[in-house]
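Each residue takes its place number in the sequence, starting with 1. Just the heavy atoms: all of them, side chains too, but no hydrogens, waters or symmetry mates, feed the values below.
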Amino acid sequence: MDAQTHQAAVIEQCLAEREGLRRYVTSLLGQDPHMVEDVVQETLLRAWQGAERLDWERRPVRMWLFRVARNLVVDHYRRGGRAIPVGLGSNQLAERVDQPDPTEQVINRRMLVDLLRRLSPAHREVVARVHLLGHPGEEVAAVLGLPIGTVKSRAHNAVRQLRAELTREDRTGAAA
């Protein structure tokens with residue numbers, strides 16, 4: 001059996017034990033699903049990393065996995081149950097807090113798309129080109145083959161309609 005086939009077989013055996021391992025770790029740690037999942041994932045990661053070095057024919061996978069999980073739980077208790085942060089440090093986290101919330105951006109974009117759909121196609125195209133894409137009115141007029149006054153009028157009327165829709169939604173509480 002070549003190394004890749006052996007490693008694939010070990011991974012299959014380990015994944016087959018995942019639910020039993022999760023129940024075992026839960027019995028040791030209690031009902032902290034995040035910590036349980038961390039221990040299970042770390043156990044499976046160690047099995048995957050050590051697949052080539054370990055003799056899986058003479059050493060049952062289940063016993064090895066449960067022993068590793070138990071040792072990880074013991075290590076967790078020795079650290080006093082403290083989580084050791086991985087990834088961003090506190091100085092990097094402070095920088096990220098200043099960035100706008102992506103959820104808010106998604107909500108705003110969804111609201112904008114809904115409002116733009118309420119405009120006529122002619123008004124929507126002018127608003128999109130002038131206000132969203134930032135093209136000058138003269139360029140939009142040339143591209144659409146319209147007089148500049150028509151472009152300005154459509155942009156003005158569309159923005160006025162969008163503001164009225166936003167105001168109406170704010171009053172009714174239907175914005176979202």
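- Side chain to side chain, Glu165 and Gln161 fail the donor-acceptor criterion of an N or O pair below 3.5 Å.
- A distance-only check finds no donor-acceptor pair linking the side chain of Ser153 to the backbone of Gly149 [under 3.5 Å].
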Original post:
Could you go step by step and tell me if Asp114 and Arg110 meet the salt bridge (Lys or Arg N to Asp or Glu O under 4.0 Å) rule?
Top reply: CA-CA 6 Å; Asp114 287 343; Arg110 181 67 188 157; 3.6 Å; yes
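- In terms of heavy atoms, Gly30 sits closest to Val36 at O-CG2, 3.9 Å.
- Looking at every heavy atom in both residues, Leu144 comes nearest to Glu125 through CD2-OE2, 3.3 Å.
- For the atom pair CD of Glu37 and CZ of Arg22, the computed distance is 4.5 Å after rounding to the nearest 0.5 Å.
- We find the CG-CG distance between Leu115 and Leu166 to be 5.0 Å, quoted to the nearest 0.5 Å.
- Judged by distance alone, with hydrogens and angles left aside, the side-chain atoms of Arg129 form no donor-acceptor pair with the main-chain N or O of Val140 at under 3.5 Å.
- Contact detail for Leu65 and Ala47: the closest heavy-atom pair is CD2-CB, 3.8 Å.
- The CG atom of Leu72 lies 10.0 Å from the CG atom of Asp38; values are rounded to the nearest 0.5 Å.
- Side-chain atoms of Arg154 never come within 3.5 Å of backbone atoms of Val126 as a donor-acceptor pair (strictly under, hydrogens ignored).
- When all heavy atoms of Val25 and Ala69 are compared, the pair lying nearest together is CG2-CB, 3.8 Å.
- To the nearest 0.5 angstrom, Glu42 atom CD is 5.5 Å from Leu45 atom CG.
- The closest donor-acceptor contact from the side chain of Thr150 to the backbone of Leu146 lies at 3.5 Å or more, if one exists at all.
- Looking only at atom types and distance, the side chain of Ser120 has a donor-acceptor partner in the side chain of His123 under 3.5 Å away.
- Scanning both residues, Arg46 and Val68, for their nearest heavy atoms gives CD-CG1, 4.1 Å.
- In this structure, Leu162 CG and Arg124 CZ are separated by 10.5 Å, a value rounded to the nearest 0.5 Å.
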